[in-house]
There are 2 protein chains.
Amino acid sequence: MSHTFGVRQAQKQRTRQALMDAALALLEEQSLSSLGLREVTRAVGVAPTAFYRHFRSTADLGVALVEEALGSLHPVLGDLMSAVGDNDELIQRAVELIARHVDAYPAHVRFIARERHGGVQSVREAIQGQLARFTEEVRTELGKRPETAGWSDDDRSMLAGLYVDQMLATASLFLEAHDGPEAERDRVTRLAGSRMRLISIGCRHWLD
Amino acid sequence: MSHTFGVRQAQKQRTRQALMDAALALLEEQSLSSLGLREVTRAVGVAPTAFYRHFRSTADLGVALVEEALGSLHPVLGDLMSAVGDNDELIQRAVELIARHVDAYPAHVRFIARERHGGVQSVREAIQGQLARFTEEVRTELGKRPETAGWSDDDRSMLAGLYVDQMLATASLFLEAHDGPEAERDRVTRLAGSRMRLISIGCRHWLD
DNA sequence: CCATGCAGTTAACAACTGTTCTCTGTCATT
DNA sequence: AATGACAGAGAACAGTTGTTAACTGCATGG
């Protein structure tokens, strides 16, 4: 049965993961459209032809990486927004969450930021799809909150998209400051907080 | 003298521009880190070695493209912001300006969006440098306007950065809708206007 | 008018790429 | 215990790449 994880299936999954990890490491200094299949297999220590047992192409690998980088983030975002609390507290928690995530998975964040507008169509579409899901989820969560009571759905979508874009921009800023001094990361923390706060103030007076 | 433009210098400039144009066209379907020098010269119809007469590497070409794409935009932005007028009118003009610019130079816009977080460090830095200049210019223009009277310089920088980021995001949205139906472009126009308006509302109540 | 500088050419190099076919060893099924 | 499926290895392929060297022809400055 296919759901049985024998020694065979386990080993296959392990090399698959090794390929994805190696690719992610190589992608820190280049973009996906220049990533060679042989380059990846060489880094793993496996024959070039073994690549085809797992992915049709490097673009295919990229799509899998998008899933790995963003797929598990949806419940996290849901937990964050459904947690009751004052708006400024929510902003502070969001910024801290992003900071911790960038610290834990910098290569994933870099990959998403890089390939969001990158040269591989299928990967771009995969990312856009995930971001659309995030926007939709933020939109429905906003509907449950008092700040956007009486808003049109279009306006709520607009605000949700703005927040999602802002989260990505914040993550990218944290990434740039990742290897820098701690003072720089603090600056980014304050900056991102200010930006979000300004947006939430605009949201509070939207219906005037 | 070097400032004399004889037949010689003119022809050199022409092939240099041809190389940049060809590269820009090729970069619509890939990223700079996978752009080959031979690929470019082949598209122009020139020998591969001729490339070295103009650029040290493709990364060097990329830096020149950044200058071409963003360098001439500074006075445009200055004119836009120094034009007197009510704030909502300014927003509308800005969105229309971006829409027209994307329509006129889609390849330039795609290039900047793609390589801003792309795989080539020197190009990334060149773009960040230009964007920092834009942010600085917007900051000083904001200082002349009444909306940010009494603000700290840090807060003004924060707002300027938010606007610059927003302009890039808007340009990217227009680019995605560039070959789509006109209704889609209208939707983007309204969306971008709403986002900017929400930010400007937040700006109006920042000091409460 | 002639000598020089230099944009662009030609040829060749070693190294690299994606892809195909054939083969091997071993886990999982019967 | 025998058999088939299948992850991975190995070798070979036609193309491609960046870079070097030595060249050619012509516009330009003295």
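Each chain gets a letter, A, B and so on, in the order its sequence line appears, and its residues count up from 1.
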Quiz item: If you take atom types as modelled and just measure distance, does the side chain of A/Arg38 reach the base of C/dC16 with a donor-acceptor pair under 3.5 Å?
Solution: no
Exercise. Give the rounded distance in Å between these two atoms: CG of A/Leu35 and C1' of C/dG18.
Key: 13 Å
Anything under 3.5 Å between a protein N or O and an N or O of nucleotides 8-10 of chain C, put it in a table, one pair a line.
| unit_1 | atom_1 | unit_2 | atom_2 | d |
| --- | --- | --- | --- | --- |
| C/dG8 | OP1 | B/Thr15 | OG1 | 2.8 |
| C/dG8 | OP2 | B/Thr15 | OG1 | 3.3 |
| C/dG8 | OP2 | B/His54 | NE2 | 2.7 |
| C/dG8 | N7 | B/Arg53 | NE | 2.9 |
| C/dG8 | N7 | B/Arg53 | NH2 | 3.3 |
| C/dG8 | O6 | B/Arg53 | NH2 | 2.5 |
| C/dT9 | OP2 | B/Ala47 | N | 2.6 |
| C/dT9 | O4 | B/Thr49 | OG1 | 3.4 |
| C/dT10 | O4 | B/Thr49 | OG1 | 3.1 |

Quiz item: To the nearest angstrom, how far is A/Gln17 atom CD from D/dA7 atom P?
Solution: 17 Å
Self-check item: Electrostatic pair B/Arg100-B/Asp103, nearest N-O below 4.0 angstrom
Solution: no
Self-check item: Neighbour count >12 (heavy atoms, 6.0 Å) for atom CD, A/Glu147
Solution: yes
Exercise. Using the criterion of both pairing distances under 3.5 Å for Watson-Crick and G-U wobble pairs, give all stems of 3 or more consecutive pairs involving DNA chain D.
Key: C:1-30 with D:1-30
Quiz item: Phosphate oxygens OP1/OP2 of C/dT17: is one of them under 4.0 Å from a side-chain N or O of A/Arg42?
Solution: yes
Exercise. Return the value, rounded to whole Å, for the distance between atom OH of A/Tyr52 and atom P of D/dG10.
Key: 17 Å
Quiz item: Quick check, are the ring centers of A/His101 and A/Tyr105 under 6.0 angstrom apart?
Solution: yes
Practice problem: Rounded to the nearest angstrom, tell me the gap between atom CD in A/Gln9 and atom P in C/dT26. | Solution: 19 Å
Quiz item: Salt-bridged, B/Asp165 to B/Arg116, with N to O below 4.0 Å?
Solution: yes
Exercise. Salt-bridge test for A/Arg93 and A/Glu96: reply yes if a basic N is under 4.0 Å from a carboxylate O, no otherwise.
Key: no
Self-check item: Charged N-O contact under 4.0 Å between B/Glu141 and B/Lys144
Solution: yes
Exercise. Please determine if B/Arg110 and B/Glu28 form a salt bridge, counting it only when a charged side-chain N lies under 4.0 Å from a carboxylate O.
Key: yes
Self-check item: Residues B/Arg139, B/Glu136: salt bridge by 4.0 Å N-O rule
Solution: yes
Quiz item: Taking atom CD of A/Gln121 as the centre, does the number of heavy atoms from other residues, nucleotides or ligands within less than 6.0 Å exceed 12?
Solution: no
Quiz item: Considering only C/dT19, D/dG18, D/dC6, which nucleotide approaches the side chain of A/Arg8 most closely?
Solution: D/dC6
Self-check item: Integer-rounded Å distance: D/dA27 C1' and B/Gln13 CD
Solution: 16 Å
